[in-house]
Structures are given as C-alpha cells and as structure tokens.
Protein chains: 2
Amino acid sequence: MSEKDDFDLQLFLPYLLNQAAEASSLAFNQIYKNRYGMLRTEWRVLFHLGIYGTLTAKEIGARAKSHKTKISRAVAALEGRRYLKRARRENDRRVEALELTALGTSVYNELREEARRYDSALSDQMSAEERDVLRKLLLRLSRS
Amino acid sequence: MSEKDDFDLQLFLPYLLNQAAEASSLAFNQIYKNRYGMLRTEWRVLFHLGIYGTLTAKEIGARAKSHKTKISRAVAALEGRRYLKRARRENDRRVEALELTALGTSVYNELREEARRYDSALSDQMSAEERDVLRKLLLRLSRS
DNA sequence: AAGTATTAGTTGATTTTGTAACTAACAACC
DNA sequence: GGTTGTTAGTTACAAAATCAACTAATACTT
C-alpha cells in the first residue's frame, strides 16, 4: 500500500476498536432499528431493564456509561411505545423506578434471542481460548 | 448485582466492543479535540494522508469505512485550517488529490507521537501474546 | 426554619451525523 | 455525436447526540 510513513493506523487500538465495534454491530443495529424502530440507547435501556428487572434512569446511565439526557429521551421513547412504565419512589420523589411492561418484556425476550444468536455467530469466528482472551481484554479496556 | 435474567450484556460482543472502544479512545479524543479543535473524522483523514501521502476523498472513505459526506466535510474543515491542499486531476477532473501541507504534516507528526505513546500505555495493560491475539481478532471482526 | 447546595430528571439550543437529492465530469451505447 | 448511465464530490434537510440551563425534590447548615 506504498506508505510514506510507518505508523500503522490499522493497529492503533482506539481506531481498531472503533472499526471492529462498528463492523460487528452493524447487522444487529438493523434488527432493533428496522424491526422495532429503536435507537441504540433505547435497546440498551431495554436490555438493562430486561436483565436487572427494575432500575432508575441514573443507575442505567451509570452502568451503560451514557449521559442522563440520552437515557431520559430513550426512556420517554420506550414509554411512548408502552415498553416500560415508571413509578415514583414514595420515599424520594425525585427518583423513578423503571420497569418493563409485558409488551416490553416480550420484545426484550425476542431481541435477547437475536443477541444470543448474533453473538454466537461472531464467536464462531474464533477459538474458545481466543474468545476468552478477547472478552477479558475488552473488559479490562472498558474499565480503564 | 441481582439479575433476574441470565443474559450477560457485559459479554455481548457488539456492546462490549463499543464500551471498550469508547473508554479506550476517550483520552485520545481530548487531545485532538482540545489541542487542535479536530473532530474524529478529521483526525482520521489527517492520519490517512500522513501515512499514505496522497489520496482522494473516495480512497480515504473506502479505507476508513466512512461515508463520503463525512469525508467531504472533514476535508473542507482541514482545508480551512490549512492542514491540506487539493489538486484536481487533469486527466479526470472529478477527482481531487489530497495532500497535507507543511502545517498539516507537522500537526500529524505531533499527533502520531501522541498516538504511539497512547497505544503503548494501552498495550502495557496486557502481555505481548494477549496484545497480538486482541489485534488479530479485532482485525478479523473489522472485516466481517 | 430559612437559606444554600445537591440530586434526579427534563427541556431547549447547538453541533454533528445521516440521508437524499444534487452538480459536474466522464463513460458507454446506439 | 447525442442520449443514458455512472462516478466524485457537495449541498440541503432531517435525525440524533452533546451541552447548558432548567424544575422539582431532598439534604445539609446555621
């Protein structure tokens, strides 16, 4: 590729991680977007509630490392679609406990199965040990 | 963390990759953003030109897997900052050859050193073998 | 108990991205 | 050689993300 400089952008971790992240989530994006009209933050909120049951907006934001305005708008969108319901905490009325409705739960269950299939397809591209190393390192990088 | 569901979002590759990509590029983003007022696509274009010398907008888009409108705007911004110059190809006047100016090159050189340091700091979090496995798998995922 | 500070969440303005329609230059076909 | 199709790049408009200012509720402080 006739480089005039020996820096290898393809191996620069922040760039490489972004490329891999984008490429490997493209097809999954299409599923929640085209099939359910959801945005990225919306499926993340849906998944957090599906997995953990009940959370506040703040807790979701902390876990997903997303800004509260993004969460707020995603929650409003999911509520509009009747995927979740809010309940003010009586002991602290600033806080609202978020929980999936039956409809939201069924959508979550469908998407979770898609996610499982999708993840398997990606994992099939590597050996079990490679997959473990990859996950371990990605977790480490996520925390740093 | 009292899950009511056994799906592990933290291990779902598209999510994990995104979290790792975001976390591990955060501090580098600050450098090109705060120090040079550049956007993500802008430093990518700068790096491509720094590494390969002369490219067209289309070639950069293909390499970086970015849409042509993003490239077009990044090129206009870099040109406005006098980091690059354009030259119409005489044999095909639709195409413009892009090349860094002396100023652009010096900014590239500085940022490349930052990138090297930054990448080393990230790589120091893992063994040499782990780093190689990580890069290999990320490259594989980028292409799929 | 009043005043100040903090916290959870929302809203509005600005910036950035994505999508689609466009211009200009070239290619191919009849 | 004129019509049709394609390609490189730009522009205009819509969707989304970011940032700052805001409301409402609670906590601290004196």
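Computed from heavy atoms alone, side chains included, the values below leave out hydrogens, waters and symmetry copies. Proteins get letters first, then strands, A, B, ... in listed order; numbering begins at 1 in each. What you see is a predicted model, and the numbers here were worked out from it, not measured in a lab.
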Query raised in the report: With no angle test and no hydrogens, is the base of dG12(C) tied to the side chain of Arg73(A) by a donor-acceptor pair under 3.5 Å?
Result: yes
Requested in this report: Using only heavy-atom distances, decide whether a donor-acceptor pair under 3.5 angstrom links the side-chain of Arg93(B) to the base of dG9(D).
Outcome: no
Query raised in the report: Mapping Thr69(A) and Ile71(B) to their closest nucleotides on DNA chain D, which lands nearer the 5' end?
Result: Ile71(B)
Report task. Tell me which of Glu96(B) and His67(A) sits closer to the 5' end of DNA chain D, going by the nucleotide each one is nearest to. Result -> Glu96(B)
Nearest listed nucleotide, side chain of [X], among [options]:
{"X": "Val95(A)", "options": "dC26(C), dC19(D), dA8(C)", "value": "dA8(C)"}
{"X": "Lys58(B)", "options": "dT10(C), dA20(C), dG9(D)", "value": "dG9(D)"}
{"X": "Arg86(A)", "options": "dA25(C), dT19(C), dT10(C)", "value": "dT10(C)"}
{"X": "Ser72(B)", "options": "dT10(D), dA8(D), dT26(D)", "value": "dT10(D)"}
{"X": "Lys68(A)", "options": "dC19(D), dT7(C), dT10(C)", "value": "dT10(C)"}

Atom-pair distance ([atom1] on [X]; [atom2] on [N]), nearest Å:
{"X": "Leu39(A)", "N": "dT18(D)", "atom1": "CG", "atom2": "P", "result": "12 Å"}
{"X": "Glu90(B)", "N": "dA24(C)", "atom1": "CD", "atom2": "P", "result": "18 Å"}
{"X": "Arg94(B)", "N": "dG5(D)", "atom1": "CZ", "atom2": "C1'", "result": "11 Å"}
{"X": "Arg88(A)", "N": "dA24(D)", "atom1": "CZ", "atom2": "P", "result": "11 Å"}
{"X": "Lys70(B)", "N": "dA17(D)", "atom1": "NZ", "atom2": "P", "result": "13 Å"}
{"X": "Arg40(A)", "N": "dA17(D)", "atom1": "CZ", "atom2": "P", "result": "8 Å"}
{"X": "Asn34(A)", "N": "dG18(C)", "atom1": "CG", "atom2": "P", "result": "16 Å"}
{"X": "Asn91(B)", "N": "dA8(D)", "atom1": "CG", "atom2": "P", "result": "13 Å"}

Query - Phe28(A)-Phe12(B) aromatic ring centre distance below 6.0 Å - result: yes
Report summary line: When every non-hydrogen atom of Met38(B) is compared with those of Val107(B), the smallest separation belongs to CE-CG1, 3.9 Å
Query raised in the report: If every non-hydrogen atom of Leu141(B) is compared with every non-hydrogen atom of Gln125(A), which pair is closest and at what distance?
Result: CD2-OE1, 4.2 Å
Query raised in the report: Any salt bridge between Lys70(A) and Glu42(A), counting N to O under 4.0 Å?
Result: no
Query - Short side-chain donor-acceptor distance under 3.5 Å, Tyr52(A) and Asp5(B) - result: no
Report summary line: By nearest-nucleotide position on DNA chain C, the 5'-leaning member of Thr41(B) and Ala97(A) is Ala97(A)
